[in-house]
Every structure is written in structure tokens, then in C-alpha cells.
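Below: the structure, in C-alpha cells.
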Amino acid sequence: MSSQTLGTGRFLWHMATLRPWIYIGDNFLWTAVYCSRLLPGLVAQQAFDALQRGNADPPTIGWLAAAFVGSGIAGAVAETAGSTWDLFFRFSVSAVLQRNMLAEILRRPGARALDRSPGEALSVFRDDVQYAEDGSDWTVDMISETIFAVAAMWILISVNAAITIFVFLPLLAIVAVAQVVTRRLQQSRAASQVATSRVTGALGEIFGAVQAVQIARAERGVVDHFHRLSELRRRAVLRERKISLLTGSVYWNTVYLGTGLILLLGAQAMRDGTFTVGDFALFVSYLGFVTEFSGFLGLFLTQYKQLGVSVARMLALMRAGSATNVPAAALVVSTPLDLKEPAQAEPRAARMDSAAVEKLLRLDAVGLTYHFGRAAGDGAGIADISLTVRRGEFTVVTGRVGAGKTTLLRVLLGLLPRDGGEIRWNGEIVDDPAAFFVPPRCAYV
């Protein structure tokens, strides 16, 4: 994985390994849920064949009835446990992503603000994290349903290999369609998320400037602006929804056409005597589940293609545009969440004893330089600033608005990372000003 990029596949792998035992347990339970659906079909096959042969005596009927009830109970128990377990996995994914993004935002120097409005940031924390949570959770269903589909295919092949081929033929068409619409899906998803972020950002700005709007009598203009943003969002969301519904329609109709063909082939085989009533019951029992797998595969591929957009948006929020160089791994790093026990309070750093701190005799700044993400020499920041402050002196830095007075102070205190220069305390170089200039060495208002 590149330090700056995070592919969808790598992202899903990191989510699966955040809490590996939770993920493995979730897969085990949902595999049990889906595979329990194999039992009723097998029981139905034996029941109908017994009736067709005329040897369905009371003990046989009793055992078959008990098998039906037992498989239903087993499936219900597994699904209840799987749904409960699934909550832990979903919460782990969303909580870790939100925590990592927030930690990176708070880790920035104090003078650096977000590169977007709070409403837009909230949209990423809410919508994109939710999409990432859904995409990660769907991998559990995909793995479980694939295991079920393989087992079902093996059983059906043992009954009639020719008809079984047509059961899984729609999968090829679904995968082909998903590949064709990949770019359109990603573009529509990105446009929809950007439009939603603009609406939530505008709401935050409007609520925060109600008095200013009233004083300026700009209510009509603000409302019109919000209407325009809402209309753009409506169109973007409808476009994304249209593409998703269209691809979903192609997926399911392909499956339904395949189902009809299978029923026709089964009826023909029964007339020829190569297909028993029990075999037909088995195929009909599995058809719904197998077609569900085929349709879900198409939806999963759609979700997979769109997930990359949300991952990129979360990384962009952490990086504040191009102002910071945050590695992609910072988004998916595993962090403790204290899900089972009360959170352990982190030990506070021992407060420095004033008597133990070396008193300031001389503070030197030599060639301090900082640019706000722009080319050097355009005046955006400070360049090659040097000054000396001695104990007992009262120093004043003056200049016009925008000259860099506050920037100089923030660079000196480590609230902004300097691009060049050095800082000395009593002649000793200060490597980490942000950690060094704290009380009782320094106070800042």
C-alpha cells in the first residue's frame, strides 16, 4: 500500500483485521445461517421421493417433519446470534474510522483549521463512514453466501449437472454489467456526496450567521442560495439512484430469466423421466437462495466500486486538502475502543515543577520560515525572521494586518510547523517547540 493511497481492497482487508476474532465469528455465524438453508431442500427431496415411491410410512414422515422443524430452529438461532454479533463488527468499523479521523484532525497544529465547513466535515463523519461500514459488513455476507452457493452447486450438480449450469449462468452476465458501469457508478457517487456536503455545510453556515443575515436583510438571498444547492443535490442523488436502480434491474431481471429457463428445463427432464419430483423440489427450494446470491453479487460489486469514493473523502478530510502529508494507514490503524470495560483514563503527563525548569536567560529565533502551502516568496507566511528575547525584557512585534505577527508567534511556539530556521533556549536548540513551550516555560493568549 502506498503511503498516500488506499485501494478499496486494501481498505476492506484492514477493516476485516481490525478485530479479527469479531470478524471471524461474524463469518462463522452467517455461514451457518446461509448453509442452514440447504437442509430444508434436502429434506423436501427425500419427502417427495418417498411419496412418489409410496413408502412414506409414519416413522419416515415423523423423521422428515422433525428434520424440517430442527433445520428451521437451527437457522433461527444462528441468525439471531449472527445479527447480535454483527452489531459489534459494524460498531468497531465505524468507531475506529471516526476516531482515527478525529485524532488526526486534533493532531494538527492549533493554528490550522479545517479545509471545509463543519457541515461538510460532518457529512464525511456520518455518510462516508456509514457507507464504509456497510461495505465492510457486506463482505461477511459475500463470503457466507459464496460458501453456501458452492455447497448448493455441488449438491445440484450431483442431481443434474446440465440444469445446474443454467443456475449460475446469470453470474457471468452480472459481473460483466458491473464492470461496464464502474466509472459511471463512481462518478455519480462522488457527485452525490459533494452535493450533500455542500448542503450540510450551507446549513451550518446559515445557522451560525443568523444575526448577520437578519442585519443585512439577506434572508431571500440566503434562501435562494440554499434552494440552488438543494436542487443540485436532488439532481445528483437522483442520478446516482437512477444508475443504481438501472444496474439492479439488469441484475435481477437476468436472474429471473435464468430462473424461468431452469424451470422449463426441469419440467422437460421430469417428462423424460430423468428428474424426480424430489429433485424438482430440491431445485425449486434452492432457486430462490441461489438467485438471491446472484443478485447480491451484483449489488456488492456496485457497492465495492462506490466505496473507493468514500475512502478518498475520508483521507481528504484527514489531510486538510494538500496542507498535510498524512499517510493512508492513519485512517485504518487499529486503536483500542474499550468496548467491554470502562475506558481506562490515560495517565496525565507529570506537570513540570517550576523549580526544576531552567529559567529563561535568552531566547533566540534564527531564520524562522513558514509558508501557507504556497510557493516561497509570495508573501504568504514569514521568511527568514530572526529575533532575540532576553530575560526581563518586554518585546513588542509590530506590523500591518497580515504582515505575519501571529504567524511568527505560532511558529515560535510550535503551533505551526516551521519550514526553516531554528529556535534556541539559553543557547540549546529546541527540536520540538510544541512540546517544549508549555507551562511553566510559556503562556500564550
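If you're wondering where the values come from, they're calculated on a predicted model, not measured in any experiment. These values consider heavy atoms only, across backbone and side chains, with no hydrogens, waters or symmetry-generated copies.
Between R390 atom CZ and R362 atom CZ the span is 4.5 Å, to the nearest 0.5 Å. Here the CD atom belonging to E133 is positioned 10.0 Å from the CZ atom belonging to F91, to the nearest 0.5 angstrom. Of the inter-residue distances, the one linking W85 atom CH2 with F89 atom CZ reads 12.5 Å to the nearest 0.5 angstrom. To the nearest 0.5 Å, the span separating CG on D137 from CG on L12 amounts to 11.0 Å. Summarising the geometry, atom CG belonging to L387 is positioned 9.5 Å from atom CD1 belonging to I423; distances are rounded to the nearest 0.5 Å. Atoms CG and OG, on N27 and S144 in that order, are 5.0 Å from each other to the nearest 0.5 Å.
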>> Working note: T200 + R126, criterion side chain to side chain donor-acceptor pair (under 3.5 Å); need CA distance, chi angles, decisive distance, verdict.
In response: CA-CA 11 Å; T200 55; R126 179 192 61 201; 5.3 Å; no
> Does the pair I382 and T369 meet the rule for a side-chain contact (heavy atoms from CB on, under 4.5 Å), with working shown?
Replying inline: CA-CA 5 Å; I382 60 174; T369 301; 5.6 Å; no
> Going through the distances and angles, do L97 and M15 end up as a side-chain contact (heavy atoms from CB on, under 4.5 Å)?
Replying inline: CA-CA 9 Å; L97 292 177; M15 293 300 97; 4.0 Å; yes
>> Could you walk me through whether W30 and I143 satisfy the side-chain contact (heavy atoms from CB on, under 4.5 Å) test, starting with their C-alpha distance in whole Å, then the side-chain angles of each, then the deciding distance to 0.1 Å, before giving a yes or no?
In response: CA-CA 9 Å; W30 281 103; I143 293 172; over 6 Å; no
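Salt-bridge check for D224 with R228: failed, with every basic side-chain N at 4.0 Å or more from each acidic carboxylate O. Electrostatic pairing of E428 and R424 does not count as a salt bridge here, judged by no charged N lying under 4.0 Å from a carboxylate O.
A 4.5 Å side-chain heavy-atom check between F437 and V430 finds at least one atom pair inside the cut-off. Side-chain atoms of M101 and V129, non-hydrogen and from C-beta on, do get closer than 4.5 Å to each other. Residues V96 and S334 form no side-chain contact, since every pair of their non-hydrogen atoms from C-beta on lies 4.5 Å or further apart. In this structure, the side chains of T31 and E145 stay at 4.5 Å or more apart for every pair of heavy atoms.
The side-chain hydrogen bond (donor to acceptor under 3.5 Å, both in side chains) test with S192 singles out one residue from R233, R239, E240, and that residue is E240. M314 pairs with exactly one of N100, V124, L6 by the side-chain contact (heavy atoms from CB on, under 4.5 Å) rule, that one being V124. Tested against Q130 for a side-chain hydrogen bond (donor to acceptor under 3.5 Å, both in side chains), the candidates D127, D128, D134 yield a single pass: D134. The only member of L408, D384, D419 that meets side-chain contact (heavy atoms from CB on, under 4.5 Å) when paired with L368 is L408.
Under a cutoff of 6.0 Å and an axis angle of 45°, R441 and F436 form a cation-pi pair.
Looking only at distances, no side-chain donor or acceptor of W425 sits under 3.5 Å from a matching main-chain atom of L360. A side-chain donor-acceptor contact under 3.5 Å links Q98 to the backbone of F125. Judged by distance alone, with hydrogens and angles left aside, the side-chain atoms of S36 form a donor-acceptor pair with the main-chain N or O of V33 at under 3.5 Å. When atom types are taken as modelled, the side chain of K405 and the backbone of R400 share a donor-acceptor pair closer than 3.5 angstrom.
With sequence neighbours left out, the side chain to side chain donor-acceptor pair (under 3.5 Å) criterion links Y23 to T139.
Shown here is R418, whose CZ atom has more than 12 heavy atoms of other residues, nucleotides or ligands within 6.0 Å. Within a 6.0 Å sphere centred on CZ of F226, other residues, nucleotides and ligands contribute more than 12 heavy atoms.
In terms of heavy-atom proximity, S386 sits nearest to G367 at OG-N, 2.9 Å. Of all heavy-atom pairs spanning G82 and D26, the tightest one is O-OD1, 3.7 Å. Contact detail for V93 and L18: the closest heavy-atom pair is CA-CD1, 4.5 Å. In terms of heavy atoms, L412 sits closest to A365 at CD1-CB, 4.1 Å. Minimum interatomic distance between K359 and N426 (heavy atoms only, all atoms of both residues): O-ND2, 2.8 Å. For the residue pair A330 and V333, the shortest heavy atom distance occurs at O-CG1, 3.6 Å.
Under the 3.5 Å distance criterion, with hydrogens and angles disregarded, a donor-acceptor pair is assigned to the side chains of D364 and T388.
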